[in-house]
Amino acid sequence: MNPQQDTVTVARRAELLRVLSQWAEGGVLRRLEAALARFLASLCPQTPAEALFAAVVLADLEGRGHTCVALDELTLHATGLLQRAQAATLPLPGLDLLDAGGWLRLLAGCPLVWDETAADDSGAPLVLGGRRLYLRRYWEAETQVARQLHARMRQAPPVDAAAAAQVISTLFAPSSAASADWQRLACALALRSRLTLLTGGPGTGKTYTAARLLAALVATAPNPAAVRVALAAPTGKAAARLKQAIDQAMLTLPALPGVADLAARLGPARTLHSLLGARPDSRRFARNAAQPLEVDVLLIDEASMVHLEMMAAVLDALPPTARLILLGDKDQLASVEAGAVLGELCADAEGGHYWPDTAQQLQQLAAQQLPAGCLDAQGSALSQHVVMLRQSRRFGGSIGELAAAVRAGQADAALRQLQSPQDDAVRQLPPSAALFRELLQTAVGGRGAAPGYAQYAALLQRGPAGASASAWTEWARQVLLAFERCRVLCAVRDGPWGVDALNTAIARELDAAGLLRSRGAWYAGRAVMVTRNDHDLGVLNGDVGIVLPSPEGGLRVAFTQEQTVRSISLSRLTDVQTAFAMTVHQAQGSEFEHTVLVLPESSATLSRELIYTGITRARSAFTLACAQEQTLRDGIARVTRRCSGLRWRLGTLGTS
């Protein structure tokens, strides 16, 4: 580079750094992205402005769940970032936006970027791999996950086919259905692999199947009593629900070797952070390849919520001989942090794509013939470890039809179901100037047989049946159960249709109806959600409690704990928020008799996955509040596709 070119490069880079700082101040970027650009510029003062901007775009995408950016799409995302700045009337830097080939040449020649095809790793903070640009930490996590999964896919544990077939036959009643019994097939698939991905929508029996799957693995082991099984989930609430569901499913298990005491041997389900031994102020865990988990089978529920780096940590700590079972709904919202591991791994689950020899093995073990449409001699190695449960035992009627239409991206069918449902389980509040008022009335009073918050508030007013501690406990339990019958779910936190505004409005509506007195921060009847695990108090992130007058006087927060109630002093609960309304993300994994889904006026934050997840929280009644039909259409049309190279890497390893 000659001195004149060098001067131009320095000036353009300085201009970019100034502009990025203004963008961070104006909220177009996080301060993190501007700081990253300054850091990279300090590492390599000769870096062109375009290369720094590519890193900023990449970091911005990471903040929205992507783990990399494809070079073919880099200019598209860069243009989007520039448009956001322009809409905020912020200055724009002078940049050359390139095509994919131009980006490849620029980045491949930049000292800040290492091409993974090179013989020696330069340790650069950015990595090029498969025509994708990564921040190094996500490249390392993706590479590790791909290698670990590939290693497990290649292992085929020995199976006594006759004994396994007998166990599966014992676990499941004979099927008279003409279609395949995918629950039996899931057990057979798991017996022949150290990796099983079990996906399916709400009510398809994932935990029921998982309990039988665990029983089959234990009963067919050489020493059933010695099999060590661990249960885990991303959040404390999800872990508690998993343990409860597995315990209930195991009550119906037939007598098999090692299975009678299996529920007791399982122990509590744990969060992934707890399982791995999270360390304060560190991204590292106590459990890793050098200090592996002491398990033979690890079952993780709500796996759609597990982000890429957490999956890498789990696989690093899992012994090579242990089996990994991932449960989740591939169509639900992905993790808040970067990555959509389950969704990506199960992308082809509906089509099956099983090899003929896989079908033959499953026929031998499960006495089930795979549908011809699920056979594919050219299917991927990954598909031989994925099974999708297809029959929902919870959903039928209009809720099931609506969820199916949204999942398929059929906006017209979804709108027909909302506007002319086949039963009264589904209703859309008429879009009008009175929509907010109708929303509040529905949230409080319910509609028809669908409950609202008035039911729990009436129990609250009634008070305990007596003065004894047991009477208070039973009353508190009934209040908590009544509150859990209905929930208002929002797509956003801020704005007139967001969580904060609706929590305030619902509390005022209950107050105006004379059902509670919402005065001050704490009042009898306030519903609160815990936002951080507190093991000393015995509450977990996502736990919902109700503020109640205590027998001793004053107020305490009551929480359901299994079949009883635990109350906690207000002064000890610091990390809570009002929970009449919550985000769809916060409700993931829960279900309510009546779910009210509230969509904002703008569709920018909506996606098909979010709407589908909101609908499928409803057990028997669903109400939609949406001011504009086009908002719903746009949301259903928008599919969240997080950029990743995980499946590509698995395919590359599979052919090596």
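Remember, it's a predicted structure, so these values are computed and weren't measured experimentally. Heads up: numbering here begins at 1 and tracks the sequence.
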What heavy-atom pair brings [X] and [Y] nearest, and what distance separates the two atoms?
| X | Y | answer |
| --- | --- | --- |
| A219 | L256 | CB-CB, 4.0 Å |
| P319 | P292 | CG-CB, 4.2 Å |
| A414 | V406 | CB-CG2, 4.1 Å |
| A403 | Y612 | O-CD1, 3.7 Å |
| V306 | P234 | CG2-CG, 3.8 Å |
| L365 | V159 | CD2-CG1, 4.1 Å |

Taking side chain as C-beta onward, heavy atoms only, is [X] less than 4.5 Å from [Y]?
| X | Y | result |
| --- | --- | --- |
| Q244 | D247 | no |
| L185 | L362 | yes |
| V227 | L217 | no |
| T616 | I399 | no |
| W648 | L653 | no |
| Q166 | L171 | no |
| C490 | T583 | no |
| R323 | T196 | no |

Test item: [X] side-chain N/O and [Y] main-chain N/O as donor-acceptor pair under 3.5 Å:
| X | Y | answer |
| --- | --- | --- |
| R487 | L597 | no |
| R642 | T67 | no |
| E309 | Y138 | no |
| D261 | A264 | no |
| T235 | A238 | yes |
| S304 | L342 | no |
| R390 | M388 | yes |
| S274 | R270 | no |
| S193 | A190 | no |
| R194 | Q155 | no |

Can you tell whether the side chains of K330 and E609 come within less than 4.0 Å, N to carboxylate O? no
Can you measure from [atom1] ([X]) to [atom2] ([Y]) and round to the nearest 0.5 angstrom?
| X | Y | atom1 | atom2 | result |
| --- | --- | --- | --- | --- |
| L293 | L276 | CG | CG | 6.0 Å |
| L308 | R137 | CG | CZ | 10.0 Å |
| D160 | T220 | CG | OG1 | 9.0 Å |
| T209 | Q183 | OG1 | CD | 3.5 Å |
| L315 | R147 | CG | CZ | 13.5 Å |
| L133 | E73 | CG | CD | 13.0 Å |

Under the ring-ring contact (aromatic ring centres under 6.0 Å, His included) test, which residues partner H273, sequence neighbours left out? F285
Please determine, by modelled atom types, if [X] and [Y] share a side-chain donor-acceptor pair under 3.5 angstrom.
| X | Y | answer |
| --- | --- | --- |
| T358 | Q384 | yes |
| Q368 | Q363 | no |
| E142 | Y134 | yes |
| Q588 | T613 | no |
| S380 | S383 | yes |
| R212 | T252 | yes |

Yes or no on side chain to side chain contact (heavy atoms under 4.5 Å, CB included) for R608 and T640, after CA distance, side-chain angles and deciding distance? CA-CA 7 Å; R608 184 182 303 174; T640 302; over 6 Å; no
Provide the full list of salt bridge (charged side-chain N to carboxylate O under 4.0 Å, His left out) pairs with a residue in residues 221-231, sequence neighbours left out, each pair given once. R228-D296
Step through the shown structure and confirm whether more than 12 heavy atoms of other residues, nucleotides or ligands are within 6.0 Å of [atom1] on [X].
| X | atom1 | answer |
| --- | --- | --- |
| R64 | CZ | yes |
| R136 | CZ | yes |
| R641 | CZ | no |

For side chain to side chain contact (heavy atoms under 4.5 Å, CB included), just list the numbers for T204 and D329, CA-CA rounded to whole Å, side-chain angles, deciding distance to a tenth of an Å, and then say yes or no. CA-CA 10 Å; T204 52; D329 185 345; over 6 Å; no
Go through the steps for E116 and R649 under the test salt bridge (Lys or Arg N to Asp or Glu O under 4.0 Å), then give the verdict. CA-CA 12 Å; E116 68 176 7; R649 288 187 189 282; 3.1 Å; yes
Could I get the full list of salt bridge (Lys or Arg N to Asp or Glu O under 4.0 Å) partners for [X], not counting sequence neighbours?
| X | answer |
| --- | --- |
| D357 | none |
| D348 | R647 |
| E302 | none |

Side chains of residues 369-378: which donor-acceptor partners sit under 3.5 Å, not counting sequence neighbours?
from : atom 1 : to   : atom 2 : distance (Å)
D376 : OD1    : Q378 : N      : 2.9
D376 : OD1    : G379 : N      : 3.4
D376 : OD2    : H353 : ND1    : 2.9

As a test of understanding, state which of L610, I611, V492 forms a side-chain contact (heavy atoms from CB on, under 4.5 Å) with V584. L610
Verdict with reasoning, L231 to D301, per side chain to side chain contact (heavy atoms under 4.5 Å, CB included): CA-CA 8 Å; L231 305 177; D301 194 17; over 6 Å; no
Given R132 and S644, is the side chain to side chain donor-acceptor pair (under 3.5 Å) satisfied, shown in steps? CA-CA 8 Å; R132 297 175 181 86; S644 165; over 6 Å; no
Can you check side chain to side chain contact (heavy atoms under 4.5 Å, CB included) on L214 and I325, steps first, answer last? CA-CA 9 Å; L214 293 176; I325 304 161; 4.2 Å; yes
